[in-house]
Amino acid sequence: MDFRDAPAEVAFRNAASTWIAGNLPNALRGDAGEGEWGQLSSGHERDKTAMAEWRARLQSRGWVAPAWPKRYGGGELPVMQQFILKEEMARARAPRFGGVGIGWVGPTLMQFGQDWMKERFIEGILSGRERWCQGFSEPGAGSDLASVQTRAVRDGDEFVVNGQKIWTSGAHISDWMILLARTDPAAPKHKGLSYFLLDMKTPGISLSPIINMAGNSGFNHVFFEDVRLPARNIVGEENRGWYVAATTLDFERSLVDLCVEYREILLEVIRFAKAVRPAGLSPEVRHGLVEMLIQVDVARNLSLRVVSMQAAGHQPNYEASIVKLFASELEQRMATVVFHLGGLFSQVTSRHQSQWEPLMGRLGRFQLHSVAATIGGGTSEVQRNIVATRGLGLPRA
Ligand SMILES: Cc1cc2nc3c(=O)[nH]c(=O)nc-3n(C[C@H](O)[C@H](O)[C@H](O)COP(=O)(O)OP(=O)(O)OC[C@H]3O[C@@H](n4cnc5c(N)ncnc54)[C@H](O)[C@@H]3O)c2cc1C
């Protein structure tokens with residue numbers, strides 16, 4: 001096994017990093033305390049003009065959605081080049097554009113959407129004009145998503161929706177939702193669901209924010225009371241929404257690029273440690289940091305396994321679960337190591353610069369945010385079940 005880039009990949013990596021260095025607007029360079037750490041931390045708003053400029057420059061190369069086909073405005077990059085581009089963007093700490101719209105809704109519509117949906121929605125997703133949220137989880141349906149109870153009842157050429165979603169990230173700033181609702185309560189639970197596109201301005205939708213323990217309100221409860229939506233907004237076929245949702249879940253953010261982000265975080269922490277602890281670090285913290293750097297390399301190699309399977313035309317299965325499991329738990333281990341490094345000052349979580357906490361509260365916020373890493377996108381227990389049954393062939397309980 002040779003983990004080095006092939007010559008063509010070296011050329012692409014060099015070209016990508018040179019392009020990023022030459023095109024990333026100055027206002028987005030460096031960190032200035034704006035970048036949050038970790039996969040599920042809610043990002044701090046960055047300079048809007050610079051972000052628009054960066055988006056336009058990336059789009060001139062199709063790199064806002066590098067995986068999308070060119071006919072939809074994407075970059076149509078081979079899988080390995082997508083991985084390299086993500087790595088180089090992470091190395092430069094350059095903001096990426098992704099999220100629910102580009103990551104999941106666009107690809108799902110390309111596969112299952114009717115022509116009018118592609119014409120109506122794809123451009124708005126790519127340009128960032130319309131934002132999307134994912135209305136799947138409910139109080140009684142998370143890991144067991146097929147237990148969704150929100151009802152959509154047909155009434156002529158409309159459906160009437162009643163029920164509740166929970167943990168809906170970004171619902172308060174979204175224009176549209178992908179909604180999973182039950183359309184046939186008599187059918188077996190996987191066979192009575194439909195997948196809708198819902199305009200968030202429709203009367204009858206109300207939200208209430210959920211504040212997480214880091215003090216952010218990135219996600220919401222969403223309530224539906226006699227919400228009417230056109231029947232033509234069903235993606236795929238009525239009562240076959242489970243299969244569309246499963247495709248969306250397959251597109252959920254892969255963690256492969258996070259390994260580079262993790263390495264950059266550790267390097268930043270090491271620079272910080274040298275500056276504020278010139279007398280040296282305790283052996284425990286030194287060992288902890290080195291151990292984390294080694295584990296980041298392990299995570300990268302696990303990611304490369306998934307990427308090389310995709311490049312060879314295979315569909316990763318439990319291999320993707322191994323990456324999700326290892327990377328999200330690594331994030332928590334890292335958060336603990338860097339928290340110890342900051343000592344008592346790691347408890348400062350506000351963004352104010354001080355001589356005691358030059359990292360502007362990120363040590364503490366990283367620790368608080370990292371807890372969610374092993375829940376969102378499928379819990380660690382669920383990933384372990386997948387590895388046990390599909391990977392190791394162990395019998396189910
Ligand atoms: C930061 C964040 C953002 C999110 N954003 C969204 C969003 O935008 N849209 C959305 O729809 N959802 C979102 N979610 C919800 C997320 O998908 C669910 O939290 C997740 O699927 C787990 O479901 P649950 O919370 O209902 O927990 P449950 O499924 O009730 O699980 C509770 C516990 O039981 C364990 N467990 C469950 N089933 C099994 C099993 N079969 N074997 C062993 N253990 C099991 C779990 O691992 C967990 O420890 C988000 C979650 C987080 C943390």
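Since the structure is predicted, the reported quantities are computational estimates derived from the model, not experimental observations. Residue numbers count from 1 along this sequence. Read the numbers this way: they start at 1 and go in the same order the structure lists the ligands and their atoms.
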| message | Heavy atoms only, cut-off 4.0 Å: how does Asn385 contact ligand 1, side chain, backbone, both, or neither? | response | side chain
| Aromatic ring proximity, centroids under 6.0 angstrom, Phe366 and Phe339 | no
| query | Would you say Glu138's side chain and Lys165's backbone share a donor-acceptor pair under 3.5 angstrom? | reply | no
| field | ligand 1 contact on Ile375 by region, counting heavy-atom pairs under 4.0 Å | value | both
| query | Is there a donor-acceptor pair closer than 3.5 Å between any side-chain N or O of Asn162 and the backbone N or O of Asp226? | reply | yes
| note | Here the atoms of ligand 1 under 4.0 Å from any heavy atom belonging to Thr379 are 22 (C), 46 (C), 47 (O)
| Can an N or O of Asp144 be found at a distance shorter than 3.5 Å from an N or O of ligand 1? | no
| said: With a sphere of 6.0 Å drawn around CD of Glu225, does it hold more than 12 non-hydrogen atoms of other residues, nucleotides or ligands? | reply: no
| query | At a 4.0 Å threshold, what atoms of ligand 1 neighbour a non-hydrogen atom of Phe136? | reply | 11 (O)
| query | Is Leu392 atom CG crowded by more than 12 heavy atoms from other residues, nucleotides or ligands, each under 6.0 Å away? | reply | yes
| Neighbour count above 12 (heavy atom, 6.0 Å) for Arg129 CZ | yes
| message | Quick test of your reading of the structure: of Gly378, Ser143, Gly377, whose heavy atom lies closest to atom 37 (C) of ligand 1? | response | Ser143
| message | Using a plain distance cutoff, I'd like to know if Glu138 has any nitrogen or oxygen under 3.5 Å from a nitrogen or oxygen of ligand 1. | response | no
| query | Where do Tyr195 and Thr248 land on the side-chain hydrogen bond (donor to acceptor under 3.5 Å, both in side chains) test, with the steps shown first? | reply | CA-CA 10 Å; Tyr195 188 118; Thr248 299; 2.7 Å; yes
| message | Only heavy atoms of Glu381, strictly under 4.0 Å: list the atoms of ligand 1 that pass. | response | 43 (C), 44 (N), 46 (C), 47 (O), 49 (O)
| Among Thr374, Val382, Asn216, which residue places a heavy atom closest to atom 39 (C) of ligand 1? | Val382
| request: From atom 21 (O) of ligand 1, work out which of Pro139, Gly376, Gly142, Ala388 has a heavy atom at the shortest distance. | output: Gly142
